[in-house]
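Only a predicted model underlies this, so the values are computations on that prediction, with no experimental measurement involved. By convention in this document, chain letters (A, B, ...) are assigned in the order of the sequence lines, proteins followed by strands, and residues within each chain are numbered from 1.
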Number of protein chains: 2
Amino acid sequence: MSTTKMNRSYLYGSFPGSFGNPTAEEKRLIRELKRLFARRQGRRYHKGDVIYQPGDIDDSLYYIHSGKVKLAYLDESGRKLTLTILGEGEIFGEMVLIGRKERDLLAQVLQDAVIYEIERSRFLELLREKPELALEVMELFGRRTQEIERKLEDLVFKDIPTRLSRQILKLIEEHGVETREGVQIDFKITHKELADLIGSARENTTSALNRLAKEGILDKKRYRIIVKDEERLKEKSGI
Amino acid sequence: MSTTKMNRSYLYGSFPGSFGNPTAEEKRLIRELKRLFARRQGRRYHKGDVIYQPGDIDDSLYYIHSGKVKLAYLDESGRKLTLTILGEGEIFGEMVLIGRKERDLLAQVLQDAVIYEIERSRFLELLREKPELALEVMELFGRRTQEIERKLEDLVFKDIPTRLSRQILKLIEEHGVETREGVQIDFKITHKELADLIGSARENTTSALNRLAKEGILDKKRYRIIVKDEERLKEKSGI
DNA sequence: GAGATTCTGTGTGCCCGCGGGCAGACCCCC
DNA sequence: GGGGGTCTGCCCGCGGGCACACAGAATCTC
């Protein structure tokens with residue numbers, strides 16, 4: 001159970017399976033990658049800034065040094081589906097690596113951020129020099145795939161209250177900070193933002209959230225959610 | 001526009017972006033990988049056979065030499081969501097590479113198949129020897145991710161007729177054969193199977209299909225779908 | 001080739017969840 | 001510190017799509 005903050009960084013997390021914990025060699029790679037990203041000055045972004053949006057043609061990967069970024073689908077009708085919210089230490093825009101020219105997601109800043117950018121060609125260069133790095137990227141794709149599969153599964157099989165519970169659990173796992181009253185999500189989030197995450201309308205999200213609050217599972221103030229009873233939230237999410 | 005059969009093989013397809021078309025080096029890698037898979041005797045599977053199912057613990061990747069395999073989510077309530085249907089030349093089960101011990105998908109044979117199996121450790125061995133191979137795997141994950149993202153987008157934003165049109169287009173792209181009357185899906189498929197692919201109930205899929213037939217966009221017999229007017233089908237799918 | 005099984009076609013009731021419409025509360029920024 | 005804009009709460013009508021229920025047709029099996 002997560003009580004203190006723990007980012008599930010793709011690059012800094014532990015290596016799975018037979019790779020075991022990071023070896024010296026792997027740590028070297030991580031440093032390498034970090035250096036690669038850090039070579040450029042990190043750029044400062046503000047809440048609401050759009051890093052890229054569907055249709056954009058750019059050729060970079062991004063590394064979040066600080067702040068929060070959301071990745072989302074936009075529908076032509078204006079509806080939105082947020083895939084995930086990323087924090088410190090995470091990489092996005094990796095689709096350029098498999099030859100996507102156009103972005104199909106929106107990448108937007110949710111909390112003021114400093115972000116490093118690296119051109120795909122530079123990244124691939126390094127990948128040629130040090131092909132072991134591709135293992136890292138493989139990791140990245142694999143995890144992202146799992147994340148989306150999970151979301152797909154939820155959307156098809158689960159109703160709104162369940163999806164909401166699961167989403168909040170995910171948020172406090174990835175962005176939770178311990179407080180006196182419970183685990184709080186460490187950035188400001190609106191009901192609309194939550195609704196986009198679970199693929200529902202704002203009104204339904206609000207009322208599902210209110211039910212959870214009424215049951216004493218969480219506290220909420222404007223923009224803030226504090227989970228008081230993680231166990232019961234897990235029950236709600238059908239685990 | 002696809003008229004003749006074209007499998008979108010992950011391994012044998014063209015390399016994207018700056019990789020350009022397969023170089024001699026890349027072709028060598030592909031041969032290598034193929035050899036790796038072929039070392040074992042291919043195993044023969046029959047329609048309906050389950051290769052693995054959610055919760056199974058096995059440690060292999062699979063290569064489809066011939067036949068069709070579907071990958072699907074199962075809900076505890078018995079509902080099902082089919083992610084994709086794979087054919088000749090494709091690899092699946094790749095999640096073991098990023099340390100998943102348990103399968104979370106069902107892999108089931110749709111059409112009699114010959115499938116090669118390779119243990120993850122053997123695969124990783126080769127990956128250490130020839131880390132360039134990881135680029136291939138990166139590719140694989142990347143494409144699979146895109147595939148799922150597309151499905152997610154459809155499920156949230158599109159209604160059943162649209163999803164059905166899009167799904168049929170995908171099927172004839174990946175499994176289409178040219179016939180006198182039009183492009184036909186080259187394996188037998190039921191309405192239930194189609195419904196699972198687009199995340200809907202069988203009855204609604206049937207009636208949407210019948211509407212398409214009535215409009216002259218496709219012909220259908222039991223188990224068979226023949227697209228007569230690909231252009232109009234594309235319109236229906238909202239492109 | 002006859003029976004069993006599976007697949008297809010269609011109709012109906014029902015419910016979840018969307019979307020519109022407001023009112024009121026809270027924030028934030030100037 | 002006051003006003004405008006955003007966010008939250010709630011109501012309610014409507015509709016897409018699911019579940020159930022059969023009936024008939026095609027296919028498979030022995």
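- Looking at B:S165, its side chain does come within 3.5 Å of a backbone N or O of B:P161 through a donor-acceptor pair.
- Atoms CG and CG, from A:L83 and A:L152 in turn, are 10.5 Å apart once rounded to the nearest 0.5 Å.
- When every heavy atom of A:T205 is checked against every heavy atom of A:H191, the shortest pair comes out as CG2-O, 4.0 Å.
- Rounded to 10°, the angle separating the first-five-pair axis and the last-five-pair axis of the helix from C:dG1-D:dC30 to C:dC30-D:dG1 equals 60°.
- B:S200 comes within contact range of the sugar-phosphate backbone alone, with a heavy-atom separation under 4.0 Å but no base atom that close.
- Applying a 4.0 Å cut-off to non-hydrogen atoms, none of the residues of residues 211-219 of chain B approaches DNA chain C.
- An OP1 or OP2 oxygen of C:dT8 is reached within less than 4.0 angstrom by no side-chain nitrogen or oxygen of B:N210.
- Under the 3.5 Å distance criterion, the side-chain polar atoms of A:R163 are matched with a main-chain donor or acceptor of A:I198.
- The list of ring pair (Phe, Tyr, Trp, His ring centres under 6.0 Å) pairs with a residue in residues 201-239 of chain B, not counting sequence neighbours, is empty.
- Nucleotide C:dG11 holds its P atom 13 Å from the CZ atom of B:R202, rounded to whole Å.
- The footprint of chain A on DNA chain D, defined by a heavy-atom cutoff below 4.0 Å, extends from D:dT6 to D:dC10.
- The backbone N or O of B:D196 sits nowhere less than 3.5 Å from a side-chain atom of B:S200 that would complete a donor-acceptor pair.
- Residue contacts for A:K220: at a heavy-atom cut-off of 4.0 Å it reaches the sugar-phosphate backbone alone, with no base atom in range.
- Here A:G78 lies out of heavy-atom contact (under 4.0 Å) with every strand.
- Against DNA chain D, the stretch residues 153-167 of chain B makes heavy-atom approaches under 4.0 Å through B:D159, B:I160.
- Proximity of a side-chain donor or acceptor of B:R232 to a complementary backbone N or O of B:E215 within less than 3.5 Å is detected.
- Atom CG of B:N204 and atom P of C:dG9 are 14 Å apart (whole Å).
- Using cut-offs of 30° and 60° on the angle between ring planes, the pair A:H175 and A:F187 is perpendicular.
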Test log, rule side-chain hydrogen bond (donor to acceptor under 3.5 Å, both in side chains), inputs B:T84 and B:E147:
CA-CA 8 Å; B:T84 187; B:E147 195 160 34; 3.1 Å; yes
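- Mapping A:R79 and A:K221 onto DNA chain C by nearest heavy atom places A:R79 closer to the 5' end of the strand.
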Each nucleotide in nucleotides 1-7 of chain C should get exactly one letter: B, S or -. Can you fill that in based on protein heavy atoms under 4.0 Å?
-----BB
Taking it one step at a time, do B:R103 and B:D58 satisfy salt bridge (charged side-chain N to carboxylate O under 4.0 Å, His left out)?
CA-CA 8 Å; B:R103 302 289 181 183; B:D58 82 307; 2.5 Å; yes
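- Ring pair B:Y62/B:Y52 is tilted by interplanar angle, where 30° to 60° counts as tilted.
- Counting only distance, with no hydrogens or angles, the side chain of B:D159 and the backbone of B:T162 share a donor-acceptor pair below 3.5 Å.
- To the nearest 0.5 Å, atoms CZ (B:F92) and CD1 (B:I64) are separated by 5.0 Å.
- For B:K220 (side chain) and B:I226 (main-chain N/O), no donor-acceptor pair under 3.5 Å exists by modelled atom type.
- For the pair A:Q184 (side chain) and A:V177 (backbone), a donor-acceptor distance under 3.5 Å is absent.
- Interatomic distance, B:N210 CG to B:L218 CG, rounded to the nearest 0.5 Å: 9.5 Å.
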